[in-house]
Every structure is written in structure tokens, then in C-alpha cells.
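Below is one structure; the comments refer to it alone.
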Amino acid sequence: MDISILRHSASHLMAMAIKRLFKEVHFGIGPAIDDGFYYDIDLDKRLEPEDLIKIEEEMKKIVKEGLPFERIEITRDEAEKFFLEKNENFKVEIIRDLPSDVKIVSLYRNGDFVDLCRGPHVDNTKDIKYFKLLNLAGAYWRGNEKNKMLQRIYGTAFFKKEDLDEYLKFLEDVKTRDHRILGKDLKLFSTSEDIGPGLILWHPKGSIIRHIIETFWKEKHFESGYELLYTPHIGRAFLWETSGHLGFYNENMYAPINIDDQNFYIKPMNCPFHILVYKNSLHSYKELPIRYAELGTVYRYERSGVLHGLMRVRGFTQDDAHIICKKEEVKDEIKRVIDFCLFMLKTFGFSEYKIFLSTRPKEKYVGSLEDWQLAEESLEDAIKSSGYEYDIDDGGGAFYGPKIDIKIKDALKRDWQCSTIQFDFNLPERFDMSYIGSDGEKHRPYMIHRALLGSIERFFGVLIEHYKGAFPVWLSPEEVRILTINENHEKYANEIFENLKNKKLRVKKDFTNEKLSKKIRDAQLEKVPYMIIIGDKEIEHNTISIRTRQNKNLDIKNVDDFLKYILEKVENKDIEI
RNA sequence: GCCCAUGUAGCUCAGUGGUAGAGCACUUCCUUGGUAAGGAAGAGGUCACGGGUUCAAGUCCCGUCGUGGGCUCCA
């Protein structure tokens, strides 16, 4: 049996328990979702976490009562009348909105509790054994903020106790990986009330990681035929009128800054600037494709309620690029981008992907149908020839072009969307971009907009959670820490330190007046991959002892051997230490 | 933005109307210790901010800001 049936039944079970505990309650919808189920309810009393426990207990009672799920079919008119009498207006609304060809609706009954439901369900409440209510939230009726705010209760249910336990453990694991907590503990980044929400302060340890990411990124972009750009953070209103952003992206843009009686806007995207670099001179078809890349910092207004650590912020840096090319180059360029993208993601330790192709929206779109067809085919061909599986999100493209989104799976198998490859029919037209073809005439180039890591902030957040803060050596803010046992060992330890330092390793000393076990604990909590321990034995034999953050001692005793070992790990960007 | 919760030392948190607390971190001293916390002392707070109720507010009420869980949208 499908688990969603069990969860859907659990949602009925919960509703029944709520109805027993709180008489004056009205029900919205209560579906099964990916990880469990929820029910939206309209209740005057504000539910508190303790209420969840009470509801859960009531649910257990109903399970014991062993009430069968009984399917009743009636006409929609009868159903409407039934729920009208019960004052269940949300249900009435659902029935009224059913397609006109639906004549018969089904109800499910357990004892005296009846709910509108398509079903199917488990046979009996006693089949719902392993469940847990998880959290409370507000949710608008039908997801529309103009509607009434209901109280939503989330829960989950499983067939087997082990599965429920495993899921609860997963939730705990998610908590211990939270990048906001780790970011604070490991001193990677912070936000400040004095600066404002959604604006990130990168601390030295986070900044060094960002520097490594960006340096690697630039290197690989040069190798892949990109040219690097730096562009301003603000631009005249005229620019954003031309690009159309003031029209279609206005609600994400900040109010203008008035300078010498002219309005300037903080950039929410980099594209217009890249286009103006292109337009600064005439281009021959021989120059194409042109690939402009920039780590461009943009600012977008996001509603306060959606901000979340590094994952959703108001100021962020996109690893942006715009590829300007001829029609016949499109397919090849897309393929190159996909390969490049997957190479980058893989280097950072992500090797499972989901690829989505989003096609032309049904109504609002720019560009000709031919253009769309070419673009969609090119995107699809490129994915196919890369040999990856993909799903099609029909009608999910932007109005200015179709796109490919790549979602990565992290260590907990959660999906994250970072990469996006988007076709743009809009901007080349609006900015009247052109190149001179072999016929001596002007032609309109095609433009592809892409971000591989997406935003550096979000990508960093995903990295932190993926590695639980224990980064591979090449990304670790501190690669090695040298610990002495007492002050007599400092001179020798300093020699080792200088030796590693000379090889550009990020190494720190802990010569503090503490016991070794304390120093190890400190290094361990900071997730430093390698600890070098120096005591009498090491000095006597001219060796080092190396402990890894995985509580293991390396066999290597010789400094040069260790250097060879670690530098190879760094060079190869090994995930394992 | 909306609903709910929440904001006390750098961090984690206790403190339900009557003289601001603990642990960790920090500073100093003692200790010279071999693989996840040695000991002592010290310093550290306009209890987010602004109003109000009260003889008295960290505590009760209102507002603002921040944070968290969601709704909607997205990198």
C-alpha cells in the first residue's frame, strides 16, 4: 500500500481528534505530503505545542477504538447540503468548485466523524500505528494571502516503527547540520540587527572559504573560455527601463537613489551591464561565442518572512555569466554549460543531480514560437547528449525564455536548487544587440544566462550543511593545527609550523597552557582536519604525530611525507581527509 | 507582508511583580600535563528598542526591530 494513503488517513485521524477536543472547529484541507501530512483548521483557540501532545493522545485513543473508514457516495448537491448544515464552509467551497462533470462525491466516515474525501484510506484507524505530530504553522486558505489565515498542523506517519524512528532521527540530523547554527559555532558568518535582515557578514573563516571557491571558479572559467567582468552596483533608471526590469521585476527592486536629480537603482541582476559591455563595440560573427562571467553582487527585495540564513537573503553574489552566440552555436554552448556545471558541482562533492527543463509558459511570453522551439530543443538535446535523466516542467519557463534548472542532492538526500541555465529572447531585442555576419549585415545574437553555483551565499549554506561544517581539506579554513604538550616543545613545533606555512598551507598553532586533551577537543570542535602533536617523543625522533578530526592517527611520521600527503589531497580536492 | 512563537553576558540558557544568575568562552595566576574539558580568581548586562500599567517591571500591556516555524515567491 502506498504510504500516502496511510498519511492521508492519519490526517483524518488527526482531524477527528481535534473535533473531539475542540468542538468549534472548521476544516480546510488535510492532504498527505512528501514527508507526512497536514490539516488546515479554523479554530478560535490558538494552538500551542502542548496541544499537539493532547491531540496525539486523543489520536491514540481513536486508534484503539478501531473505527473503520467507511466510504459513502452521495450526489454533490447532497454533499453541499450536508456540509452547509454542519457549517463546514471550506468544504462547501471545495464542492462548489469541483468540475461540473463531477456528479458524485465521496465522504469517509469513522464513527461520528465524516469528512469530504476522494480517498482511498486504510481500512481502520487501528492500521495507523506509528505517527507523530510535528509542528504548527499559519497557512492561508488555498494559499492565497487575501484569504483567511488558518492554523496548520504538520505530522507524519509510517507503516513501521523503525521508519518513523529513522525519520525522527533524520529531523534531528537536519537540526545538527543547520548552517545557521554551524555558521555561528564555526565563526563563518553572521548577520546583524544593526545592518538589516538578509545581509550577510562574512567572517574571516567564511571569507577564506569564499576566496577559495571564487579563485577556483575564476580559474576554471578562464580555462573554459570565459572572460571576467566587473560591473557597478547601481545604474540609471533608463537602463532598467530599457531592460524591462522596472516593469516586470519592480517588486523585487529597491527604491531608487536620487543623485543629481537622476534616479539610480541598485542592481537586482547583472545582465544589463554585461550587455552594455558587449555593445561598447561592434562584433563580428568571428568573435562569437562571447562568454562574459562575473561574480556579481545583486540586491533584491524579499519579503521579511521568507528570509532564511544564507539560503534566502537580500544581498547576494551570483556566479553569473552571459553567453552571446549565433543560432547554430546554441546547442553546443548549452551542452558545454551543462558539462561545466556538473564538473563544478562534482568538485564540491555533489554527485547526484536532478535536471529540470522548463518550457514556454502557456500565456505570457516574448519571442516567436520558432525561437522557443529552437531553444527548447537545444536545451533538451544538450541534456540528452550529456546522458542525464531529466524531467520536464511544462510551462514553467520564464516569460523571456525556457530554462534548465539543476538540483543537487546533499548528504541527507535533500534537493537544493543552485544552478540555472536560462535562454533570453527578451534582452537582445530590448537592447538591440547585434553582430555583423559573414554577409556584412547586422544579426541578432542569442543570449544564454547562467549561474552554476547560483548564489555564493546559498551555495555556501548548502556546503556547510552537506559537510556538517567539516569541509574537505582544500576548503577548510584551517587545514592543520599544531599542538604542543608543554612549552619545551615550542621551538621544534615552530619549525614544523614554518615548514607547512612555506607550502602555503593554512596552519595555526595552539601553544596555550592547556592539557593536550583540551587542545585536541578545541581543534576537534572547530573541525580542523589535521592536528599535529609535538612532544618529547617527536623531538627525540625528529618526527610528528598526526591525528585527524575523525579520531584517527595517521601512520605518517615524517614531515615531508605529510606534506606530500596533504598537498596531494588539496591539489586533488579530495572529499575524504 | 501575513499567522504563531521568541529576544536576559560573546555563546547556550535559568530567572512569572520586590537588590540580575549558571555553564562555556574571555583575562590573570597556579598547574608542565601524550590524543575530546586540570584548578583558582577576575572581568563581563540600560534584561532588543520605545511607550504604558504599578509604590515597584527582565517579568504584565501596546508598538517597533530582529530571529524561528509556516503561507506565497525564488538564486
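Heavy-atom basis, side chains included; hydrogens, waters and symmetry copies ignored. Naming: A, B, ... by sequence-line order, numbering from 1 per chain.
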Tell me whether [X] at atom [atom1] has more than 12 heavy atoms from other residues, nucleotides or ligands lying less than 6.0 Å away.
X         : atom1 : result
Glu576(A) : CD    : no
Asn551(A) : CG    : yes
Lys346(A) : NZ    : no

Original post:
Partner of G23(B) by Watson-Crick or G-U wobble geometry, both contacts under 3.5 Å, or none?
Top reply: C11(B)
Subject >> Any strand: nucleotide that pairs with C74(B) via Watson-Crick or wobble, under 3.5 Å >> reply: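 Looking at the geometry, C74(B) pairs with no nucleotide.
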Subject >> Residue Tyr301(A), side-chain atoms from C-beta onward, closest of G34(B), G1(B), U35(B) >> reply: G1(B)
Original post:
How does each nucleotide of nucleotides 65-75 of chain B score, in 5' to 3' order, for protein heavy atoms under 4.0 Å: base (B), sugar-phosphate only (S), or none (-)?
Top reply: BSSSBBBBBBB
Original post:
Do the side-chain N or O atoms of Lys184(A) get closer than 4.0 angstrom to the phosphate oxygens (OP1, OP2) of U12(B)?
Top reply: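 Answer yes for this pair, as a side-chain N or O of Lys184(A) is under 4.0 Å from OP1 or OP2.
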**OP:** Describe, in one word, how the ring planes of Tyr530(A) and Phe562(A) are oriented to each other, choosing from parallel (under 30°), tilted (30 to 60°) and perpendicular (over 60°).
**Re:**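 If you compare the ring of Tyr530(A) with that of Phe562(A), the planes turn out perpendicular.
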**OP:** Using the six-membered ring wherever Trp is involved, compare the ring planes of Phe248(A) and His245(A) and label them parallel, tilted or perpendicular (cut-offs 30° and 60°).
**Re:**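 Correct class here is tilted.
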Over all strands shown, is [X] touching base, sugar-phosphate only, or nothing at heavy-atom distances under 4.0 angstrom?
X         : value
Asp185(A) : nothing
Lys537(A) : base
Gln151(A) : nothing

Subject >> Phe37(A) six-ring face occupied by Arg7(A) cation (under 6.0 Å, within 45°) >> reply: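 Verdict for Phe37(A): no cation-pi partner in Arg7(A).
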**OP:** Apply side chain to side chain contact (heavy atoms under 4.5 Å, CB included) to Phe348(A) and Val462(A), showing your working.
**Re:** CA-CA 11 Å; Phe348(A) 285 100; Val462(A) 174; over 6 Å; no
Subject >> P-based separation of G42(B) from U19(B) [nearest Å] >> reply: 23 Å
Original post:
Between G18(B) and C24(B), how far is it from one P atom to the other, in whole Å?
Top reply: 28 Å
Please write out each protein N/O paired with an N/O of nucleotides 22-30 of chain B under 3.5 Å, distance rounded to 0.1 Å.
| unit_1 | atom_1 | unit_2 | atom_2 | d |
| --- | --- | --- | --- | --- |
| A25(B) | OP1 | Lys518(A) | NZ | 2.6 |

**OP:** Report yes if some heavy atom in the side chain of Leu47(A) is under 4.5 Å from a heavy atom in the side chain of Ile153(A); otherwise report no.
**Re:** yes
Original post:
Ring centres of Tyr390(A) and Tyr388(A) under 6.0 Å apart?
Top reply: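 They do not qualify: ring centres at least 6.0 Å apart.
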